[in-house]
Every structure is written in C-alpha cells, then in structure tokens.
Amino acid sequence: MYKRILLKLSGEQLQGNLQGGVDAERVKWIADQIRPLLTSGTQVVVMVGGGNYARGAQLAGHGIGEVTAHNAGMLATIMNAIVVSDIFNAMRVPTVALSSVPVDQFIDHYTYRRAEHHLAKGRVVIVGSGIGRPFLTTDTAALSLALEMKCDVVIKTTKVDGVYNADPVKDPTARKFDHVSYQEALSNPNIAVMDKAAIGLAMEDKKPVIICALLTDGNIARAVAGEQVGTLISL
Ligand code: UDP
C-alpha cells in the first residue's frame with residue numbers, strides 16, 4: 001500500500017539488550033525485517049535516534065549548554081547511522097548513511113537529490129543528525145524528513161504495540177487504540193508516544209503515522225501492506 005516509507009528507529013531499540021551502544025544482533029534482526037520491503041519495491045528512509053548515547057534535554061546542565069547538548073545528541077545519531085548502515089550492508093540490505101550536518105570524513109552529506117538517487121537505486125537511506133538543528137527530537141526530524149522526501153507514511157517502532165490509554169507496562173487494564181486522530185494525539189496528555197511538534201507536522205500534511213512494536217516478526221511489512229498493525233494516527 002505504501003510505496004515510500006519513513007521508518008523511525010530510536011537509539012534504545014538499536015541498543016537492544018545492551019546497556020549502551022549498538023546491539024549488532026538486534027540490528028541484524030531489523031535488517032531481516034527490512035529486506036522483504038525492498039524486494040517488494042518499497043523505498044525505505046530511516047531516521048535513527050541517538051538516545052543510546054546522548055539526548056540533548058538530558059545532557060544539558062552542569063555547565064553543558066543546551067546547544068552543545070543537542071549537538072552531542074546529533075553526533076550520537078551519526079554514530080548510529082554509520083554503524084547500522086554497515087550492518088545492513090553486511091546483511092545484504094543495500095544501504096547508505098547520510099548526515100544532515102556535514103561531517104564529510106565520516107559520512108556523506110544529506111541532500112534531497114542524493115537521497116532520491118539512492119532510493120531509486122533500491123538502497124535504504126539512513127539519515128543521521130536529524131535535520132541538523134538543535135532543540136528537536138528525531139521524531140520531529142523524522143516527520144520533517146518524511147514531508148521533504150514525500151514518504152507515504154511514517155512508521156515509528158516502539159516497545160509496545162501501539163498507543164494505549166495508560167502505560168500498559170504499569171497498568172494491566174490499559175486499552176490499545178487502533179486509531180487516534182491528530183487532535184486526540186495532541187490534546188490527550190496520556191498520549192505521549194511522539195512529541196507534539198512531530199504530531200503537529202504530521203497533521204499539517206495529513207501524513208499517516210503508524211506506531212507499532214518493533215519486535216513482532218513481520219510487523220513492519222504488514223504495516224506497509226496496509227494491514228491493521230499497532231495504532232494509526234491520522235485525521
Ligand atoms: N537532535 C537535535 N536535532 C535534530 C535531531 C536530534 O538536536 O534534528 C538531538 C536532540 O538533542 C535529541 C538527540 O539528538 O535528544 C538524540 O535524538 P533522540 O532523543 O530523538 O533519540 P531517540 O530517543 O529516538 O533515540
């Protein structure tokens with residue numbers, strides 16, 4: 001159903017069961033989930049987070065300025081982008097890593113045209129450093145990139161399989177929503193699956209966002225095929 005997707009992978013997911021850094025076994029598993037998408041002709045853009053190393057909002061303080069902290073967060077995402085792209089390629093998932101902030105020694109610079117070129121060649125495009133400006137999360141950067149690259153959908157993979165009316169880990173009576181409107185996602189304080197800036201961008205462009213569990217085999221492919229998976233955030 002969706003021809004071009006934006007997949008948001010958080011640092012925490014790349015970390016897998018480790019205490020920090022990247023769990024190569026987890027990333028190999030993700031490569032296996034993405035390979036069938038390429039085979040069926042779906043174009044895949046990945047925005048990686050950096051929370052397994054640094055998040056600006058948490059790092060700032062004790063003398064570390066906010067801009068420096070966010071820059072460190074963006075550098076963390078670049079580490080993830082280059083490492084994940086190597087593992088994907090080793091797993092025969094052709095991939096290129098691009099960075100919004102030029103760091104030419106480590107990674108090619110992202111441009112819209114370069115990303116289009118790689119997608120047309122059937123490569124996964126992993127974007128590091130978000131959109132290259134501080135005070136944003138990679139969720140918001142993911143929506144911005146999805147708008148720029150005209151992705152048909154944003155898929156954010158999470159630990160739980162969608163959006164609940166309460167934390168399902170703490171509350172066994174928590175109920176999952178199959179669908180949540182942008183308005184509801186913005187106004188309901190219990191829905192914190194994505195920051196409001198990201199939801200706002202999605203709403204402005206009527207970009208569907210699917211929240212689903214990463215670790216359910218075939219979940220991403222089912223979401224791409226248009227099956228009911230996790231929670232759809234849309235109009
Ligand atoms: N970041 C930023 N601008 C961007 C994207 C990310 O400043 O366009 C910084 C921000 O400090 C963020 C950090 O990079 O906290 C790492 O990204 P994020 O926290 O979204 O990672 P995740 O939680 O998804 O692993």
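Counting starts at 1 for both ligands and their atoms, following the listed order. Keep in mind the model is a prediction, meaning the values are calculated, not measured. Along the sequence shown, residues carry numbers from 1.
Which parts of ligand 1 touch Gly130 is read off a 4.0 Å heavy-atom cut-off, strictly below it: atoms 4 (C), 5 (C), 8 (O). Which parts of ligand 1 touch Gly11 is read off a 4.0 Å heavy-atom cut-off, strictly below it: atoms 22 (P), 25 (O). Shown in contact with Gly132 at under 4.0 Å from a heavy atom are these atoms of ligand 1, numbered in order with element: 8 (O). Residue Gly49 approaches ligand 1 through these ligand atoms, each under 4.0 Å from one of its heavy atoms: 21 (O), 22 (P), 24 (O), 25 (O). Which parts of ligand 1 touch Ala54 is read off a 4.0 Å heavy-atom cut-off, strictly below it: atoms 13 (C), 16 (C). Under a 4.0 Å criterion applied to the non-hydrogen atoms of Phe135, ligand 1 contributes the atoms 7 (O). Atoms of ligand 1 found under 4.0 Å from any heavy atom of Ala141 (numbered from 1 in listed order, with element): 8 (O). Each of the following atoms of ligand 1 lies closer than 4.0 Å to a heavy atom of Ser10: 24 (O), 25 (O).
The minimum heavy-atom distance between Asn17 and Asp23, with the atom names listed, is N-OD2, 3.6 Å. When all heavy atoms are compared, the tightest approach of Asn89 to Pro94 is OD1-CA, 3.4 Å. What you find for Ile233 and Ile199 is that their closest heavy atoms are CD1-CD1, 4.1 Å.
Not a single heavy atom of Ala72 lies less than 4.0 angstrom from ligand 1. Under the 4.0 angstrom criterion for non-hydrogen atoms, Ala76 is not in contact with ligand 1. Ligand 1 lies nowhere less than 4.0 angstrom from a heavy atom belonging to Ser100. Residue contacts with ligand 1: Lys8 is included, with a non-hydrogen atom under 4.0 Å away.
When atom types are taken as modelled, the side chain of Thr95 and the backbone of Phe88 share no donor-acceptor pair closer than 3.5 angstrom. A donor-acceptor contact shorter than 3.5 Å links the side chain of Gln13 to the backbone of Ser10. A donor-acceptor distance shorter than 3.5 angstrom exists from the side chain of Gln33 to the backbone of Gly218, with no hydrogens or angles considered.
Counting only heavy atoms of the protein, atom 13 (C) of ligand 1 lies nearest to Gly73 CA, 3.6 Å. The shortest contact between atom 11 (O) of ligand 1 and any protein heavy atom is with His70 ND1, 2.6 Å. Here the heavy atom of the protein found nearest to atom 21 (O) of ligand 1 is Gly50 N, 3.0 Å. Looking at atom 15 (O) of ligand 1, its nearest protein heavy atom turns out to be Gly56 N, 3.2 Å.
Dense packing is recorded around CD of Gln228, with more than 12 heavy atoms of other residues, nucleotides or ligands lying under 6.0 Å away.
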Worked check of side chain to side chain contact (heavy atoms under 4.5 Å, CB included) between Arg133 and His70
CA-CA 8 Å; Arg133 308 306 309 166; His70 287 294; over 6 Å; no

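Of the listed residues (Thr138, Leu136, Val127), the one carrying the non-hydrogen atom nearest atom 2 (C) of ligand 1 is Leu136. With Arg55, Arg133, Lys156, Met47 as candidates, the residue nearest to atom 7 (O) of ligand 1 on a non-hydrogen basis is Arg133.
By the 4.0 Å N-to-carboxylate-O rule, Lys170 lies close enough to Asp167 to be salt-bridged with it. Using a cut-off of 4.0 Å between Lys/Arg side-chain N and Asp/Glu carboxylate O, Glu116 and Arg4 are scored as salt-bridged.
Note: an N/O pair closer than 3.5 Å links Gly51 and ligand 1 by distance alone. Note: an N/O pair closer than 3.5 Å links Ile131 and ligand 1 by distance alone.
Under the side chain to side chain contact (heavy atoms under 4.5 Å, CB included) rule, Val224 has a single partner from Asn219, Asp152, Ile5, which is Ile5.
At a threshold of 4.5 Å between side-chain heavy atoms, the hydrophobic network of Ile, Leu, Val, Met, Phe, Trp and Tyr places Ile155 and Leu143 in two separate groups.
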